[in-house]
Amino acid sequence: MIWLSVLLFMQASAADKQIERGQTLFLADKGCNTCHALKGKGTAVGPDLRALGKVGVRPLVMAIRASRTAYVETIKLKEGDPFPGMKVASTDATTLQYYDLSKTPPELRKFAPGDVESKSDNSIWKHPPSVGGYTNEQIADIVSFIRWASTGSRKTVDPSDVE
C-alpha cells in the first residue's frame, strides 16, 4: 500500500513539473500568451484554448503546429502595407476592428470599411509555434499546461504522443 502512495506521489510530482514547464513556455516572451489567455494571464486575441484543452492531445498538437489558420486574413488598406489581421467582433457597422498580428503583442487597429482595399486569405502570417522550433518535450509541456488550465487534469503528456 505504501508503494502505491509513493508511485501516485511521483506521478503527481512529474505532472506538476510538466505543467510548470508548460506554463513557463506559455507565458514566455513571445510565447502563446501573446495571443491567448489562460488562467487570467495573457492576451485574449486568438481562439480560446480551453475548448481544445478538453478534446484531447492530438487536436491541441495539430493547432499548435498549424502554420496557417482560418482566423487570420491579409488586410490591405488603401494606405500602408498589408498586414495579417484577426477580426474582432463588433456591433458598430461604421468601424472594422482587427488585431494586427505583425506586431508583438498584437495591436488593435480600427478603420472604416471604406479604407479597406482588399481582404484575402492569409499568406503572410505563420502561427508562431509552427516556426518556433519547439521540441516534442516542450510541446508536451505546453499541452500539459493547457489541459490543466482547461480541465484541471494533472495527467502527464508523453512527448511521443505529440510526434
Side-chain angles (χ1 to χ4, degrees), residues 15 17-77 80-90 95-111 113 115-163:
K17 288 178 183 174
Q18 186 178 49
I19 291 165
E20 186 177 317
R21 289 191 307 269
Q23 181 175 16
T24 299
L25 289 165
F26 189 92
L27 298 175
D29 185 39
K30 297 186 180 183
C32 308
N33 68 317
T34 303
C35 292
H36 302 280
L38 279 173
K39 291 290 188 184
K41 296 181 180 177
T43 307
V45 173
D48 187 346
L49 298 180
R50 291 178 298 175
L52 281 176
K54 295 175 185 174
V55 296
V57 172
R58 298 304 302 161
L60 195 46
V61 170
M62 287 175 55
I64 290 170
R65 289 199 165 135
S67 61
R68 295 178 69 156
T69 173
Y71 298 105
V72 180
E73 301 173 84
T74 298
I75 308 301
K76 173 68 174 120
L77 300 177
D81 294 328
F83 66 93
M86 185 174 293
K87 189 172 185 171
V88 177
S90 175
T95 305
L96 294 175
Q97 298 182 61
Y98 278 82
Y99 277 105
D100 181 344
L101 301 180
S102 68
K103 313 284 186 200
T104 304
E107 177 183 293
L108 181 62
R109 295 180 65 174
K110 299 177 181 183
F111 41 86
D115 293 341
V116 177
E117 183 175 304
S118 65
K119 289 190 276 185
S120 61
D121 183 43
N122 164 48
S123 61
I124 300 170
W125 183 85
K126 301 295 180 212
H127 192 224
S130 72
V131 294
Y134 288 111
T135 65
N136 287 341
E137 289 79 13
Q138 290 172 316
I139 291 176
D141 293 347
I142 293 168
V143 168
S144 181
F145 169 68
I146 293 170
R147 294 184 75 207
W148 170 78
S150 302
T151 67
S153 171
R154 291 193 178 295
K155 185 177 178 189
T156 59
V157 176
D158 191 310
S160 66
D161 291 340
V162 304
E163 291 179 344

Interatomic spacing from [atom1] in [X] to [atom2] in [Y] - rounded to 0.5 Å:
| X | Y | atom1 | atom2 | result |
| --- | --- | --- | --- | --- |
| S153 | K54 | OG | NZ | 13.0 Å |
| K76 | D115 | NZ | CG | 11.5 Å |
| D141 | I146 | CG | CD1 | 11.0 Å |
| N33 | Q23 | CG | CD | 10.0 Å |
| K39 | S150 | NZ | OG | 8.5 Å |
| L96 | K87 | CG | NZ | 5.5 Å |

Which atom of [X] lies closest to which atom of [Y], heavy atoms considered:
| X | Y | result |
| --- | --- | --- |
| T74 | P82 | CG2-CB, 3.9 Å |
| S144 | A15 | OG-O, 4.4 Å |
| S102 | F83 | OG-CB, 4.4 Å |
| V72 | P84 | CG1-CB, 4.0 Å |
| A140 | V157 | CB-O, 3.5 Å |
| Q18 | K155 | OE1-O, 4.5 Å |

Do the non-hydrogen side-chain atoms of [X] and [Y] ever get within less than 4.5 Å of each other?
| X | Y | answer |
| --- | --- | --- |
| L25 | F145 | no |
| I142 | C32 | yes |
| I139 | R65 | yes |
| V55 | L60 | no |
| V57 | R147 | yes |
| F26 | L49 | yes |
| R109 | I75 | no |
| L101 | V45 | yes |

request  = Mind checking salt bridge (Lys or Arg N to Asp or Glu O under 4.0 Å) for D121 and listing every partner two or more places apart, or none if nothing turns up?
outcome  = R68
ask   = Backbone N or O of I19 within a donor-acceptor pair of the R154 side chain at under 3.5 Å?
value = no
ask   = Side chain of T34, backbone of G31: donor and acceptor closer than 3.5 Å?
value = yes
task = Assess whether atom CD of E117 is packed by more than 12 heavy atoms of other residues, nucleotides or ligands within 6.0 Å.
result = yes
key: Exceeds 12 heavy-atom contacts within 6.0 angstrom, atom CZ of R50   = no
message = Just to verify, what does Y71 make a side-chain contact (heavy atoms from CB on, under 4.5 Å) with, not counting sequence neighbours?
response = P47, T69, M86
